[in-house]
Amino acid sequence: TKIIMKEENEFDILIPVFNEDETIIETLKNITSLVKYDYNIFICYDYDEDPTLKIINENFNKNSKIIFVKNFSKGFNNAIISGFKKSSAKAVIIFMADDHNNHDTINLCYEKFKEGYHVVCPSRFVKDGQMIGNPFLKGILVRCVSFFLFNFTSFPIKDSTNSFRLFSKELIDKVKIESDKGFTLSLELTAKAHRFGYKIIEIPTTWIERKKGKSRFRLFSFILPYAKWLFFIIKTSIFYKFYRNEK
C-alpha cells in the first residue's frame, strides 16, 4: 500500500485583529467559501480579552483552518511578525479583517506566486484597481507617496502603501525585519525585495474604506515610519546594481 503524505499548506493568510466587530464574520465566510487552495487563516491578536476572538469562536468554532496566534508584543507589525513565525508554508498573505471584496484576489496572488513571483502586490492604482471612500487627506497622501516612488525612483509598483500582499517564505527568511511602528511592514519587505532583485508583480484590487468600526489610520503617526522606507527606496534606486549583486 502506497502511503501518501499530506503536504504542508500551500500558503497561510495572516489577519491582524484588534477589537474587531461582527464585520469579520463576513470576511472569514468569504475566504472559507471562495479561496480554492490549501491554506490556514492565522488570526493574529494582541490580548486574550479581545472580543474578536469570541466573535470568531461563536461563528467558526468547528473550522480547523482558523488558528489564533497571540502577538509576542503589540501592534500591527508585530502581529504580522508573530504570524510569520508560526507559518511553515511557502508563502503568506497579509489580509485585512474588514476586507469583504478581495477574497478572489487571494487566489490570484497564489497563482502569481506559483509562476515564480516572491512578492505579489494587489494595487489600487493600476488598471481596474480602485480606492473608494478614503478620507481626503489620507487619499491624497497615499497617492502622492505612491506616485513619487513609482515615477521618480526605481521602485517597480504603483501602490506602495497597501498592506495587502503575498510574500514568499524565502524572502521573509532572507531579510531582517525592522518595522515596529505604524503599518510599514509590507512596504519594508517589498522595498527589500526590490533591493535584492526578487520578482515583484502588481495585480488590481479594490479597497473600500470601512463603513463600520473605526479606522486606526492616523495621519501624523503615518508620516515618520513611512519616511524611513521612502529614503531606503531612494538609496536603493541610486545604488540598485550594487545591491542586486549582494543577493
Side-chain angles (χ1 to χ4, degrees), residues 9-16 26-28 30-42 76 80 83-84 87 89-134 138-139 142-151 153-172 175 183-210 226 229 233 236:
N9 292 336
E10 295 178 271
F11 62 95
D12 291 323
I13 302 168
L14 312 186
I15 304 181
E26 182 177 351
T27 303
L28 294 176
N30 287 340
I31 294 173
T32 55
S33 62
L34 294 170
V35 174
K36 58 187 180 181
Y37 297 102
D38 189 14
Y39 64 90
N40 279 328
I41 301 171
F42 290 169
F76 179 90
I80 294 298
F84 287 168
S87 176
K90 293 180 180 179
V92 296
I93 296 175
I94 300 173
F95 199 77
M96 299 300 103
D98 57 342
D99 188 342
H100 300 160
N101 308 293
N102 290 299
H103 34 279
D104 283 337
T105 311
I106 292 174
N107 291 318
L108 182 56
C109 281
Y110 183 65
E111 287 158 11
K112 292 298 180 184
F113 168 73
K114 290 197 295 183
E115 291 176 14
Y117 292 95
H118 292 272
V119 184
V120 184
C121 304
S123 174
R124 300 162 291 188
F125 306 139
V126 297
K127 184 181 178 182
D128 298 325
Q130 297 182 81
M131 186 170 71
I132 300 170
N134 289 87
K138 176 182 177 181
V142 166
R143 289 178 185 276
C144 286
V145 169
S146 295
F147 178 86
F148 173 82
L149 290 178
F150 182 75
N151 288 280
T153 75
S154 62
F155 202 52
I157 63 171
K158 294 182 178 180
D159 188 352
S160 57
T161 63
N162 194 3
S163 291
F164 174 26
R165 286 192 187 149
L166 176 147
F167 298 104
S168 71
K169 192 70 160 56
E170 179 184 333
L171 171 66
I172 293 169
V175 303
F183 298 83
T184 57
L185 189 143
S186 284
L187 176 59
E188 175 187 352
L189 284 176
T190 309
K192 290 181 175 179
H194 170 54
R195 173 170 285 196
F196 293 117
Y198 285 93
K199 292 182 69 177
I200 303 171
I201 191 172
E202 279 189 294
I203 58 176
T205 189
T206 296
W207 175 251
I208 301 174
E209 184 73 12
R210 65 165 68 204
Y226 276 89
W229 300 112
I233 292 167
T236 295

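Checked by atom type and distance alone, the side chain of S146 never pairs as donor or acceptor with a backbone atom of D159 at under 3.5 Å. N162 contributes no side-chain N or O that, together with a main-chain N or O of R124, makes up a donor-acceptor pair within less than 3.5 Å. Proximity of a side-chain donor or acceptor of Y39 to a complementary backbone N or O of V92 within less than 3.5 Å is not detected. Side-chain atoms of T27 come within 3.5 Å of backbone N or O of A97 as a donor-acceptor pair. Judged by distance alone, the side chain of E170 and the main-chain N or O of H118 form no donor-acceptor pair under 3.5 Å. Between the side chain of T184 and the backbone N or O of L187, no donor-acceptor pair lies under 3.5 Å. Judged purely by atom type and a 3.5 angstrom limit, E26 has no side-chain atom pairing as donor or acceptor with the backbone of H100. Checking side-chain atoms of N101 against main-chain N and O of W207 turns up no donor-acceptor pair under 3.5 Å.
Ion pairing of E111 with K114 is absent here, as no side-chain N (NZ or NE/NH1/NH2) approaches a carboxylate O to less than 4.0 Å.
How far OH of Y110 is from CG of L166: 9.5 Å, rounded to the nearest 0.5 Å. Taking CE from M96 and CZ from F76, the interatomic distance works out to 4.0 Å, rounded to the nearest 0.5 Å. The CG atom of L14 sits 10.0 Å away from the CZ atom of F167 when rounded to the nearest 0.5 Å.
Between F95 and F164, the distance separating the two ring centers is shorter than 6.0 angstrom.
Among I94, L28, N40, I106, the one residue that satisfies the side-chain contact (heavy atoms from CB on, under 4.5 Å) test with I13 is I106.
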